[in-house]
Asker: 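Okay, handing you the structure first.
Numbered from 1 within each chain, the chains take letters A, B, ... in sequence-line order. Since the structure is predicted, the reported quantities are computational estimates derived from the model, not experimental observations.
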Protein chains: 2
Amino acid sequence: MPKRRPQPSSHCPIHFALDIFGDAWSLLVVRDLMFKGKSSYGELLASDERISTNILAERLERLEAHGIIRKDVIHTAAARTRYTLTPKGAELMPMLLEIIAWSARYDAKTAAPRGFARRVRTDRDALVRELTAQLHERET
Amino acid sequence: MPKRRPQPSSHCPIHFALDIFGDAWSLLVVRDLMFKGKSSYGELLASDERISTNILAERLERLEAHGIIRKDVIHTAAARTRYTLTPKGAELMPMLLEIIAWSARYDAKTAAPRGFARRVRTDRDALVRELTAQLHERET
DNA sequence: GGTGACACTTGCAAAATGCAAGTTCCAGTG
DNA sequence: CACTGGAACTTGCATTTTGCAAGTGTCACC
């Protein structure tokens, strides 16, 4: 799992973030964990965007190494492996909400719920709290 | 300049955004235009992260095609070419601020100004207005 | 002990990236 | 008006990453 690491070429915060999730797939994985209630490898693999299995495995390893997600193996269930967001990963929510709001505005065919973008603009903090609560609920 | 396009595999807003700037370099270009006052090819090429010239050229073309930036050629100056953000591109600012805030929190050696992350959290809207004003000032 | 499900690995062709060395197009100089 | 220099790219090629398909290992349950 290389993909850069030896000495960051700058400590710019944008660069720091892109070094972790600056690719086409990482944030889709985060999205599925954060908003779609997914938690198993199989569920993540079945995304609409059809991520391929080797890429998914590599991204999960990478996100875990960066402390964005956590992998738990439960020795009593059939679906034994479970991926969840760490607090560090969950704190990407405001950023993701901004991405959603921006895309909703510029993609005429967006699948974002109607009114969601407006709510991001006018009631952000409450929205974050609400979605975070849902997230923790699901994890129980 | 291929890099996906034929039929988006979903209309998820996150996917829509990543399809445009889901790579290691695009947002660094936007950052340089938005926060660092850069506007020429040469300035963009000289970023700390050392983007290579063919990649820069391809990304500029791509960002322009997606309406994030605009390229103006002025026939009276030595540095004739000028890149600027469109309104669509400038509206990525809230997202970039969230990225900065997140990275500032998790990168111990972050170059983000002290107190910036706090201001993003407590005084976001005014901050966006202020930085947007600076952006337009520079462009005159 | 056998059989699925699930979670990955592996191998390989195709595409994207990084690097260095051009090339083109003026603006200004002499 | 030829000439030089800088700015903005292009091109060629080796390396890396991706995408796809097929294969492997490990349990839980029957």
Side-chain angles (χ1 to χ4, degrees), chain A residues 1-10 15 18-29 32-33 38-65 69-84, chain B residues 1-10 15 18-29 32-33 37-66 69-84:
Chain A
M1 196 216 10
K3 200 193 176 191
R4 222 170 316 143
R5 193 68 73 81
Q7 296 294 81
S9 47
S10 84
H15 181 244
L18 292 176
D19 207 48
I20 298 176
F21 52 74
D23 68 272
W25 297 107
S26 297
L27 288 182
L28 294 181
V29 171
D32 286 350
L33 296 173
K38 299 184 179 181
S39 64
S40 70
Y41 188 91
E43 286 170 338
L44 293 168
L45 193 61
S47 71
D48 289 342
E49 292 87 4
R50 323 262 59 216
I51 187 171
S52 57
T53 173
N54 55 338
I55 302 295
L56 176 59
E58 201 267 341
R59 290 304 187 280
L60 288 170
E61 189 184 347
R62 182 149 231 291
L63 289 171
E64 193 188 6
I69 65 175
R70 203 182 45 206
K71 173 181 178 174
D72 294 310
V73 181
I74 304 137
H75 286 285
T76 54
R80 285 145 276 142
T81 309
R82 217 182 157 194
Y83 291 97
T84 50
Chain B
M1 193 217 6
K3 200 194 178 190
R4 220 169 322 144
R5 190 69 71 82
Q7 297 292 84
S9 47
S10 85
H15 182 243
L18 292 176
D19 207 48
I20 299 176
F21 52 73
D23 68 271
W25 296 109
S26 297
L27 288 181
L28 294 181
V29 172
D32 286 352
L33 296 174
K38 299 185 177 179
S39 65
S40 70
Y41 189 91
E43 286 171 337
L44 292 168
L45 193 60
S47 71
D48 289 342
E49 293 87 4
R50 322 266 54 220
I51 188 172
S52 56
T53 174
N54 53 340
I55 301 294
L56 176 59
E58 201 268 341
R59 290 303 187 279
L60 287 170
E61 190 184 346
R62 180 149 232 290
L63 289 171
E64 194 189 7
H66 281 288
I69 65 175
R70 203 181 48 207
K71 172 180 178 173
D72 294 310
V73 180
I74 305 137
H75 286 283
T76 54
R80 288 145 277 142
T81 309
R82 217 181 157 200
Y83 292 98
T84 49

Asker: Measuring only between side-chain heavy atoms, which start at C-beta, is B/Leu28 closer than 4.5 Å to B/Ser47?
Answerer: no
Asker: Tell me whether the OP1 or OP2 atom of C/dG18 has a side-chain N or O from B/Trp25 closer than 4.0 Å.
Answerer: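 So the side chain of B/Trp25 is within the cut-off, an N or O lying under 4.0 Å from OP1 or OP2 of C/dG18.
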Asker: Side chain of B/Ala57, heavy atoms from C-beta onward: which of D/dT10, C/dC8, C/dC6 has the nearest atom to it?
Answerer: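 Among D/dT10, C/dC8, C/dC6, the one nearest the side chain of B/Ala57 is D/dT10.
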Asker: For the pair made of CG in B/Leu28 and C1' in C/dT17, what is the distance, rounded to whole Å?
Answerer: 15 Å
Asker: Could you tell me whether the side chain of A/Glu49 reaches within less than 4.5 Å of the side chain of A/Trp25, counting heavy atoms only?
Answerer: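 In contact.
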Asker: Just so I know, are the side chains of B/Ile51 and B/Leu44 near enough to count as touching, which here means a heavy-atom distance under 4.5 Å?
Answerer: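 No, every pair of side-chain atoms sits at 4.5 Å or beyond.
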Asker: Starting from C1' on D/dA7, measure out to CD on B/Glu43 and report it in whole angstrom.
Answerer: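 Rounded to the whole Å, the gap is 11 Å.
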Asker: A/Lys38 NZ to C/dA7 C1': how many Å, rounded?
Answerer: 16 Å
Asker: Looking only at non-hydrogen atoms, find the nearest pair between A/Ile20 and A/Arg62 and report the distance.
Answerer: O-NH1, 3.1 Å
Asker: Choosing from C/dC8, C/dT17, D/dT18, which nucleotide comes nearest the side chain of A/Tyr83?
Answerer: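 The answer is C/dC8.
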Asker: Whole-Å distance between C/dA7 P and A/Glu58 CD?
Answerer: 18 Å
Asker: From C-beta outward on B/Thr53, which listed nucleotide comes closest to its side chain: C/dC8, C/dA20, C/dG18?
Answerer: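 That would be C/dA20.
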Asker: Would you say the side chain of B/Tyr41 lies within less than 4.5 Å of the side chain of B/Leu60, judging by non-hydrogen atoms?
Answerer: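 They are in contact (side-chain heavy atoms under 4.5 Å apart), so the answer is yes.
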Asker: Nearest-Å distance, CG (A/Asp23) to P (C/dA16)?
Answerer: 15 Å
Asker: In whole angstrom, what separates B/Ile51's CD1 from D/dC9's P?
Answerer: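 Answer to the nearest Å: 13 Å.
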Asker: It should be established whether B/Arg62 places a side-chain nitrogen or oxygen under 4.0 Å from OP1 or OP2 of nucleotide C/dA16.
Answerer: no
Asker: Round to a whole Å and report the spacing from CD of B/Glu49 to P of C/dG18.
Answerer: 12 Å
Asker: Any side-chain N or O of B/Tyr41 less than 4.0 Å from the OP1 or OP2 oxygen of D/dT10?
Answerer: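 No.
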Asker: Quick one: on DNA chain C, does A/Arg82 or A/Asn54 contact a more 5' nucleotide (nearest heavy atom)?
Answerer: A/Arg82
Asker: Please state how far atom CD in A/Glu61 lies from atom P in C/dA7, giving the value in whole angstrom units.
Answerer: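 Taking atom P of C/dA7 as the reference, CD of A/Glu61 is at 16 Å.
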Asker: How do A/Arg50 and B/Ser40 order along DNA chain D: which one's closest nucleotide is nearer the 5' end?
Answerer: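 The residue mapped nearer the 5' terminus is B/Ser40.
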Asker: Look at the side chain of A/Arg80 and decide which nucleotide, out of C/dC6, D/dA8, D/dG19, has an atom nearest to it.
Answerer: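 Out of C/dC6, D/dA8, D/dG19, the nucleotide with an atom closest to A/Arg80's side chain is C/dC6.
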